[in-house]
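Computation of the quantities below employed the complete heavy-atom set of this structure, encompassing side-chain atoms and omitting hydrogens, waters and symmetry-equivalent molecules.
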Amino acid sequence: MLTLLPSTFHNFKMIRNYEKEISKLSINIFDRAAYTTKRIRLLRKTRYLIFFVWPVVELLRKIGVMVIYVLLITLIIEFMIAYISSRHIIVSPTCIISGVFIIATIDLIRNIEYWEVELGWGTYIVIAGGIACFLLASLTAKYIYQAFKPYKSTINSSSIQLIRMRRWKVYISTLFCGVIFLLLFKYIRNFSGSGNIASIISSYRIASLKGEIQFPTVINLLNKVLVASGYIWIYILINNYLILKKIDLFLAINIILVLMSYFITGARGKMIYLILSAIPIFFFLWCSKNGEIRKLRFKYLVRIIIVLLIIAFVFRATANIMGRTITLDLMQHLSVNLSAPILNIDTFIKKKWVKPTIWGYNTFGYFISTLGRNFGISKWVYIIDLPFQVRNGHALGNVYTTFYSYYYDFHYIGVYVLSAIMGFISQISFETCRVSCFKIKKIKLSVILYSNIFITLAFSFFSNKFYETFVTFSFIQMMIIWSLLIWGIEKVNIKLKWTK
């Protein structure tokens, strides 16, 4: 402890010098007149937090504090930096990714004895370092974006508009969703044979995971249209509810049909993704209605927490309905999905890293696999390496957080670089949504896009959702479908005259 103090004070002195240089540099780069007194104070608070993280962590490491507690403290500090730098916007990329890892780490602490948890420093470096790189890249993207498009925090009037759909469009959309759902159900039932709904869904899910069954091309395309339309219906439903204070019955039916299509295919995770996408959509539309960007009111945060709790219970209940054998109680089942990924990646990092044979396969597996199938390269088509883990006699599943793929493919440097890229892209999307809040436009594609980014960040504690979602040909198809649906809703106006 005594030998640590001189080096620590020396580090503080160096940090103070660096702080002065960075302060001078920031004044030269950014026009001082463009920043308010409040923003300067926020930047100073953020700067102080950044420079004091390392000495605190070093001190805790020297005196032998358990890694998991050091990780939690670091994540809380990173969340504070994110919260301050985002001006208290809880749905910002930095707040989401640091926040979900805080929750996962707290849950892991709850299971320390049950799973015999003892994290290594390599795990700390990967998780805390990955989020730190994400945070720094996000801040960089934020200031670059605002240098070209100055930040506007308020306007004098609301920029939200009522989205009026002609009734024939509404009826056709509901009929379309219903027909596709029936086609999916009929195909799955024909494959699975007779039986109750649980056995039918379970048989199809197992066969699809093994690659033994695929939807015909036409049904597969129609299913993609149905899935993509779900985000559009949620957007319109929330938009019109904020104005009229009532829910459109047909739009609600459309959303339910999309959720049911996920249900019968055994994709309960995607059901949750669609529901959670409503959070950022609601936030940006709410800001547009109020004419300013501001933090969510407490009552809305309470409602979000209630919804998350309901989702947690539904997630457990739907497992049995979908034919999954679950022997754990509710809390342990949630822990296996929430905090066990951190323990799993810790187990993997403690082993000697071996360079993979195929470049980037675990990170960009879906994209590389598609190329392999189309160009006849068989070695590019294989299952991502996700072995099941067991600790203290308890099964932990086979998910490893988003950082597992980066570390698996590119070691530590991959964690930092890919996290930074993810942070930069996410923040640019978020800033685009903030600017779009003050543009008078009915359906904003940027908000729908960010709602998908929001989902991947919210599940970063679970697996590599970001690159699995966006570095695929399926996402390009999704963007095209969204654009066509928005064009059809806003631009196609056919007046139908009914005659006897």
Side-chain angles (χ1 to χ4, degrees), residues 42 45-46 49-50 53 68-110 123-124 126-139 141-142 272-273 275-284 293-298 300-312 315 334-335 337-342 345 399 401-403 419-420 422-423 425-427 429-430 433-434 450-466:
L42 291 175
K45 291 178 182 178
T46 302
L49 284 171
I50 291 173
V53 169
I68 190 170
Y69 294 109
V70 181
L71 176 62
L72 179 61
I73 293 170
T74 306
L75 290 173
I76 292 173
I77 294 173
E78 289 174 334
F79 178 81
M80 291 170 62
I81 296 171
Y83 188 66
I84 293 170
S85 62
S86 65
R87 300 175 66 88
H88 308 159
I89 300 177
I90 201 71
V91 299
S92 66
T94 49
C95 284
I96 292 300
I97 193 169
S98 56
V100 295
F101 271 98
I102 288 174
I103 297 171
T105 305
I106 292 173
D107 185 69
L108 186 58
I109 291 173
R110 187 180 67 85
T123 304
Y124 172 84
V126 166
I127 296 178
I131 294 177
C133 290
F134 183 99
L135 177 60
L136 291 173
S138 296
L139 291 173
K142 175 183 177 179
I272 297 174
Y273 302 161
I275 295 171
L276 292 182
S277 70
I279 296 175
I281 292 174
F282 172 84
F283 172 76
F284 287 111
I293 300 290
R294 59 182 180 181
K295 62 181 181 181
L296 282 172
R297 293 176 182 172
F298 180 74
Y300 292 129
L301 293 176
V302 172
R303 292 174 185 176
I304 290 173
I305 293 172
I306 293 173
V307 170
L308 292 177
L309 291 175
I310 293 173
I311 289 175
F315 185 76
L334 292 177
S335 292
N337 291 280
L338 179 60
S339 58
I342 296 178
I345 193 175
V399 286
T401 79
T402 190
F403 301 116
S419 297
M422 181 168 59
I425 295 173
S426 300
Q427 190 67 36
S429 176
F430 179 76
C433 289
R434 291 213 287 192
Y450 181 72
S451 71
N452 280 258
I453 292 177
F454 173 89
I455 295 166
T456 63
L457 299 180
F459 283 87
S460 57
F461 70 90
F462 189 76
S463 64
N464 174 31
K465 296 298 180 185
F466 186 86

**Prompt:** Between the side chain of Ser426 and the main-chain N/O of Gly423, is any donor-acceptor distance below 3.5 Å?
**Reply:** no
**Fill in**
Separation between CG (Asn337) and OG (Ser463), nearest 0.5 Å, reads 10.5 Å
**Message:** Keeping Ser138 on the side-chain end and Phe134 on the backbone end, is there a donor-acceptor pair under 3.5 Å?
**Reply:** yes
**Prompt:** Which atoms form the tightest heavy-atom contact between Phe430 and Val91, and what is the distance?
**Reply:** CE1-O, 4.1 Å
**Message:** Let me confirm one number: the CD1-CZ distance from Ile96 to Phe454, rounded to the nearest 0.5 Å.
**Reply:** 4.0 Å
**Request:** Please report the closest heavy-atom contact between Ser277 and Ile281, naming both atoms and the distance.
**Result:** O-CG1, 3.3 Å
**Item:** Leu139 side, atom CG; Ile81 side, atom CD1 - distance, nearest 0.5 Å
**Value:** 8.5 Å
**Request:** Return the minimal non-hydrogen interatomic distance between Ser98 and Cys95, and the atom names on each side.
**Result:** OG-O, 3.4 Å
**Complete:** Interatomic distance, CD1@Ile455 vs CD1@Ile275, rounded to 0.5 Å, equals 10.5 Å
**Complete:** Heavy atoms of Ala137 and Ala420 approach each other most closely as CB-O, 3.1 Å
**Prompt:** Under 4.5 Å between any side-chain heavy atoms of Tyr69 and Ile109, yes or no?
**Reply:** yes
**Gap separating the OG1 atom of Thr123 from the CG atom of Leu71, nearest 0.5 angstrom** = 8.5 Å
**Message:** So Phe466 and Ser460, do their side chains get closer than 4.5 Å, heavy atoms only?
**Reply:** no
Could you tabulate the donor-acceptor pairs under 3.5 Å formed by side-chain atoms of residues 100-108, not counting sequence neighbours?
unit_1, atom_1, unit_2, atom_2, d
Thr105, OG1, Phe101, O, 2.7
Asp107, OD1, Arg110, NE, 3.3
Asp107, OD1, Arg110, NH2, 3.3
Asp107, OD1, Ser335, OG, 3.2
Asp107, OD2, Ser335, OG, 2.9
Asp107, OD2, Ser339, OG, 2.6

**Fill in**
By side chain to side chain contact (heavy atoms under 4.5 Å, CB included), Ala278 pairs with (sequence neighbours left out) Ile234, Ile238
**Asked** For the atom pair CZ (Phe462) and OG1 (Thr402), what is the distance rounded to the nearest 0.5 Å?
**Response** 12.0 Å
**Item:** Close side-chain approach of Met422 to Leu457, heavy-atom, < 4.5 Å
**Value:** yes
**Message:** Taking the side chain as everything from C-beta on, heavy atoms only, tell me whether Ile342 gets closer than 4.5 Å to Phe461.
**Reply:** no
**Request:** Measure up the Phe79 and Tyr83 rings against each other and bin them: parallel (under 30°), tilted (30 to 60°), perpendicular (over 60°).
**Result:** parallel
**Message:** Once side chain to side chain donor-acceptor pair (under 3.5 Å) is applied, do any residues pair with Ser451, and if so which ones, sequence neighbours excluded?
**Reply:** none
**Message:** For Ser86 versus Arg434, what's the shortest heavy-atom pair and its separation?
**Reply:** O-NH1, 4.1 Å
**Request:** Could you pull out the closest heavy-atom pair between Glu78 and Ile131, with the gap in Å?
**Result:** OE1-CG2, 3.3 Å
